[in-house]
Amino acid sequence: MAIGVDIEDIERFKDKSEEFIKRVFTPLEIEYCMKYTKPESHFAARFCAKEAVIKALTALNIQGVALSEIEIFHNEKKVPQIRILNPIAQGLEFEVSLSHDRSKAIAFVRKKD
């Protein structure tokens, strides 16, 4: 089974440089996060999801996927989804759960059967 989990302090994402944001997040993710009063909560949750995907891929012996090649988006029902933009992981599908409170963000990822 390929699973991953990650937890982060939201405060770490409060004053990140534009360079960091553009290096780690896709334009779609940046647009989504920046529409909120506290974008750092949403950036932190997405970062957690990306790290969790990397852990799940590692369990599958897949390496070389960059954080910027993992995109977290919402489907038409507003359910978080994962899109891997690197061909090395083409065809793999993951389920993701995101959560955050005032100080922490967390994500859990599981490869779909």
Side-chain angles (χ1 to χ4, degrees):
M1 180 185 300
I3 61 170
V5 66
D6 193 57
I7 186 168
E8 297 285 341
D9 287 319
I10 291 171
E11 190 69 24
R12 290 185 57 212
F13 294 86
K14 192 167 188 175
D15 294 316
K16 287 292 186 189
S17 69
E18 185 176 337
E19 177 186 335
F20 173 84
I21 297 295
K22 287 184 175 179
R23 185 170 19 100
V24 173
F25 300 98
T26 68
L28 181 71
E29 292 170 321
I30 295 168
E31 180 183 343
Y32 177 85
C33 295
M34 293 305 291
K35 69 182 179 182
Y36 290 95
T37 306
K38 294 187 176 188
E40 60 270 17
S41 298
H42 302 278
F43 281 125
R46 274 146 192 75
F47 186 85
C48 288
K50 290 168 182 271
E51 286 286 327
V53 168
I54 296 292
K55 291 171 184 174
L57 289 172
T58 300
L60 297 169
N61 293 317
I62 297 172
Q63 298 178 1
V65 177
L67 294 175
S68 61
E69 296 175 317
I70 302 166
E71 184 172 66
I72 313 304
F73 67 99
H74 293 269
N75 67 14
E76 63 281 346
K77 295 179 181 177
K78 303 202 188 289
V79 175
Q81 304 289 303
I82 295 171
R83 179 182 297 124
I84 301 178
L85 307 171
N86 185 319
I88 197 168
Q90 194 169 23
L92 294 178
E93 294 183 1
F94 293 90
E95 297 172 308
V96 61
S97 179
L98 307 173
S99 187
H100 56 80
D101 64 8
R102 278 184 255 127
S103 64
K104 301 280 187 193
I106 191 168
F108 178 82
V109 168
R110 182 179 79 91
K111 182 184 170 292
K112 288 184 181 179
D113 295 331

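- Lys16 NZ to Arg23 CZ: the interatomic distance, rounded to the nearest 0.5 Å, is 8.5 Å.
- Listed here is the closest heavy atom pair of Asn86 and Val65: ND2-CA, 3.9 Å.
- In this structure, Glu29 contributes its side chain and Ile72 its backbone to a donor-acceptor pair below 3.5 Å.
- Taking 4.0 Å as the cut-off between side-chain N and carboxylate O, Glu18 and Lys22 count as a salt-bridged pair.
- Two residues are said to be in side-chain contact when any heavy atoms from C-beta on lie closer than 4.5 Å; Thr58 and Ile54 meet this criterion.
- Taken together through direct or relayed side-chain contacts under 4.5 Å among Ile, Leu, Val, Met, Phe, Trp and Tyr, Ile82 and Ile88 form part of one hydrophobic cluster.
- A salt bridge does not link Lys55 to Glu51: none of the charged side-chain nitrogens sits closer than 4.0 Å to a carboxylate oxygen.
- Take Ile106 and apply the side-chain contact (heavy atoms from CB on, under 4.5 Å) test, not counting sequence neighbours, and it matches Val5, Ile7, Ser99.
- Here the straight-line distance linking atom CD1 of Ile84 with atom CZ of Phe94 works out to 4.5 Å at 0.5 Å rounding.
- What you find for Ala45 and Ala107 is that their closest heavy atoms are O-CB, 4.1 Å.
- What you find for Ser68 and Lys50 is that their closest heavy atoms are CA-NZ, 4.3 Å.
- Leu67 CG to Phe25 CZ: the interatomic distance, rounded to the nearest 0.5 Å, is 8.0 Å.
- Of all non-hydrogen atoms in Ala56 and Ala2, the two that sit nearest each other are O-CB, 3.5 Å.
- Transitive grouping of hydrophobic side chains (ILVMFWY, heavy atoms separated by less than 4.5 Å) keeps Leu98 and Phe108 in distinct clusters.
- In this structure a side-chain-to-backbone donor-acceptor pair under 3.5 Å is missing from Asp9 to Arg12.
- For the pair Phe43 and Met34, the minimum side-chain heavy-atom distance is below 4.5 Å.
- Legend: residues meeting ring-ring contact (aromatic ring centres under 6.0 Å, His included) with Phe20, ordered by chain and number and at least two apart, are absent.
- Counting side-chain heavy-atom gaps under 4.5 Å among Ile, Leu, Val, Met, Phe, Trp and Tyr, Ile10 is found in no cluster with other residues.
- Residues Val109 and Ala49 share a closest heavy-atom pair of CG2-O, 3.9 Å.
- With sequence neighbours excluded, the residues that form a side-chain contact (heavy atoms from CB on, under 4.5 Å) with Lys38 are Glu40, Ser41.
- Glu95 is linked by a side-chain hydrogen bond (donor to acceptor under 3.5 Å, both in side chains) to Arg110, counting only residues two or more places apart in sequence or in another chain.
- For the pair Glu69 (side chain) and Ala66 (backbone), a donor-acceptor distance under 3.5 Å is present.
- There is a path of hydrophobic side-chain contacts, each under 4.5 Å, that joins Val96 to Leu60.
- Shortest non-hydrogen contact noted between Ala89 and Leu57 is CB-CD2, 4.1 Å.
- Evaluation of the side chain to side chain donor-acceptor pair (under 3.5 Å) test over residues 73-85, restricted to residues two or more places apart or in two chains, returns Tyr32-His74, Arg46-His74, Glu71-Arg83.
- Aromatic ring orientation, His100 versus His42: perpendicular (interplanar angle above 60°, classes split at 30° and 60°).
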